[in-house]
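We name chains A, B, ... by the order of the sequence lines, and we start the count at 1 in each one.
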There are 2 protein chains.
Amino acid sequence: MTLHEVPPLSLRCGDCPIRHRAVCARCESDELQELEGIKYYRSFEAGQTIVWAEDQMDFVASVVSGIATLTQTLEDGRTQMVGLLLPSDFVGRPGLSSAPYNVTATTDVLMCCFRKTPFEEMMLRTPHIAQRLLQMTLDELDAAREWMLLLGRKTAREKIASLLSIVARRNASIRLEVAEERMVFDLPLTREAMADYLGLTLETVSRQISALKRDGVIELQGKRHVTVPDMHRLMSEAGDDSDGGILG
Amino acid sequence: MTLHEVPPLSLRCGDCPIRHRAVCARCESDELQELEGIKYYRSFEAGQTIVWAEDQMDFVASVVSGIATLTQTLEDGRTQMVGLLLPSDFVGRPGLSSAPYNVTATTDVLMCCFRKTPFEEMMLRTPHIAQRLLQMTLDELDAAREWMLLLGRKTAREKIASLLSIVARRNASIRLEVAEERMVFDLPLTREAMADYLGLTLETVSRQISALKRDGVIELQGKRHVTVPDMHRLMSEAGDDSDGGILG
DNA sequence: CGCCCATTTGATGGTGCTCAAAATTTGTGG
DNA sequence: CCACAAATTTTGAGCACCATCAAATGGGCG
């Protein structure tokens, strides 16, 4: 697995790796300059909690690098992941001061934070930000709904296959590659995190991964490095539709 | 159950029952006037499909009255409800021409439709609309995430109790009442729709409702009319937290 | 090497699904 | 108004899938 480089703690927006995908994606250079004035960077180590549920949150932020999770829990400890935050994803809710989610760094994470009040004021003046945020929120809502179908109706095997196929495709899109028959990638999640994502126990996750390996749907090098020899096969195991036309 | 009155097929925005909650909630009177120019009403009978998944959708719309559902299905027919649309809720995605959901009228439904292209253009010029839509979308995302916790981690009994408590509270808020110890309401969903909402089979829904009745958590008059003698009891059966401070 | 943690594997049981039939409600036409 | 049909809901019996509890294996790091 690649080590996580920590970028410099101050970064010009123009050089930002998430410049074209984050909440600032549509901003003009004068708008970026204004954002520079209210932004600051914070970094978190793997495993650290970024925000506790119900805590006052005086900033909103973009994930610059690393992976974080949004989780909700019941009183008796059962927990469900409700969001997976990747570089360029947005955290926090303008207009509200707290949220019922824990935000946790899964890997080392660098966040670009904006002080809440100035950001909210700027958003009212700057349609480019509000427009982009709306688009991103609608995308997240679509993703949440596909996730609901997975949680409510898929079998354990289908859930695992779905997760693998999501990670594989996302990996391709981040590297700006086209999805291919054969794909190789690293799982960014522990078995427990996968279980919380899928609404399963970690034992079931482990068993189903072993089963997919036995059946030749995937190959494993170590615990985290996955090879998918035939993406069509994996996607049909995922259940949603035999071929979403993802492959060329 | 109350019969469903069909409002007149043309309605001044100023007299609209959802005026203060829908996507137009923040509009000034001149903005409303512009909306009047691109809006038209359509009504649907209970059971009718409003939009088929993947179909071209040349409008966006607000639910004026009645209840509709958003559902996703797998090829083999398994279906999961991913949204419950109540009066003032918004349908359709600005910027995209189709969505992967079926939208179905559960009761008779009246929709206030806007032609897509004019609406999108107006949204770019009118921050009040974009701002309100963002707020509504963020609310929906929060609701979707609570729903994910329910689907992934709650037992069948907790799922039913959660649904009943959601419907009870929503009923109170629509009637502008405060939630009380004892509450009485109608279920707007069939057993099958409840099953699709909760990720269960209709048999399990029926059994768990019977069990809650046996245990005195609810009383039934007919199949749809529900009395909750003790909301605290119901909410603790729902599992999330013993008392969200909902009651006075 | 030995400890710690993540993961795998095993044995067993319970929750909720499947298949099936009965009961109840709703709608229809004579 | 009643008889009959259709649809919805309830109830029952049996089983599969996944959770639970428990122990073994493996990998990383001091």
Close side-chain approach of A:Pro188 and A:Thr107, heavy atoms under 4.5 Å: no
Considering residues at least two apart in sequence or located in another chain, which fulfil the salt bridge (Lys or Arg N to Asp or Glu O under 4.0 Å) criterion with [X]?
{"X": "A:Asp15", "value": "none"}
{"X": "B:Arg21", "value": "none"}
{"X": "A:Asp139", "value": "B:Arg93"}

Side-chain donor-acceptor pairs of residues 208-217 of chain B under 3.5 Å, sequence neighbours excluded:
from: B:Ser210; atom 1: OG; to: B:Ser206; atom 2: O; distance (Å): 3.0
from: B:Asp215; atom 1: OD2; to: B:Arg157; atom 2: NH2; distance (Å): 2.2

Compile the donor-acceptor pairs under 3.5 Å between side chains in residues 189-201 of chain A and protein atoms, sequence neighbours left out, one pair per line.
from: A:Thr190; atom 1: OG1; to: A:Glu192; atom 2: N; distance (Å): 3.4
from: A:Thr190; atom 1: OG1; to: A:Ala193; atom 2: N; distance (Å): 3.0
from: A:Arg191; atom 1: NH2; to: A:Lys223; atom 2: O; distance (Å): 3.1
from: A:Asp196; atom 1: OD1; to: A:Thr79; atom 2: OG1; distance (Å): 3.4
from: A:Asp196; atom 1: OD1; to: B:Arg153; atom 2: NH2; distance (Å): 3.1
from: A:Asp196; atom 1: OD2; to: A:Thr79; atom 2: OG1; distance (Å): 3.1
from: A:Thr201; atom 1: OG1; to: A:Thr204; atom 2: N; distance (Å): 3.3
from: A:Thr201; atom 1: OG1; to: A:Thr204; atom 2: OG1; distance (Å): 3.0

Protein-to-nucleotide contact annotation, 5' to 3' order, nucleotides 5-15 of chain C [B base; S sugar-phosphate only; - none; under 4.0 Å, heavy atom]: --SBBBB----
Start and end of chain A contact along DNA chain D [non-hydrogen atoms, under 4.0 Å]: D:dC18 to D:dC21
So, using side chain to side chain contact (heavy atoms under 4.5 Å, CB included) as the criterion, who are the partners of [X] when residues are at least two apart?
{"X": "B:Asp89", "answer": "B:Leu85, B:Leu86"}
{"X": "B:Ala161", "answer": "B:Leu234, B:Glu237, B:Ala238"}
{"X": "A:Ala99", "answer": "A:Tyr101"}
{"X": "A:Thr71", "answer": "A:Thr69, A:Met81, A:Asn102"}

Separation of atom NE2 in B:His225 from atom P in C:dT25, rounded to whole Å: 15 Å
Terminal axes of the helix from C:dC1-D:dG30 to C:dG30-D:dC1 (five pairs each): angle between them, nearest 10 degrees: 30°
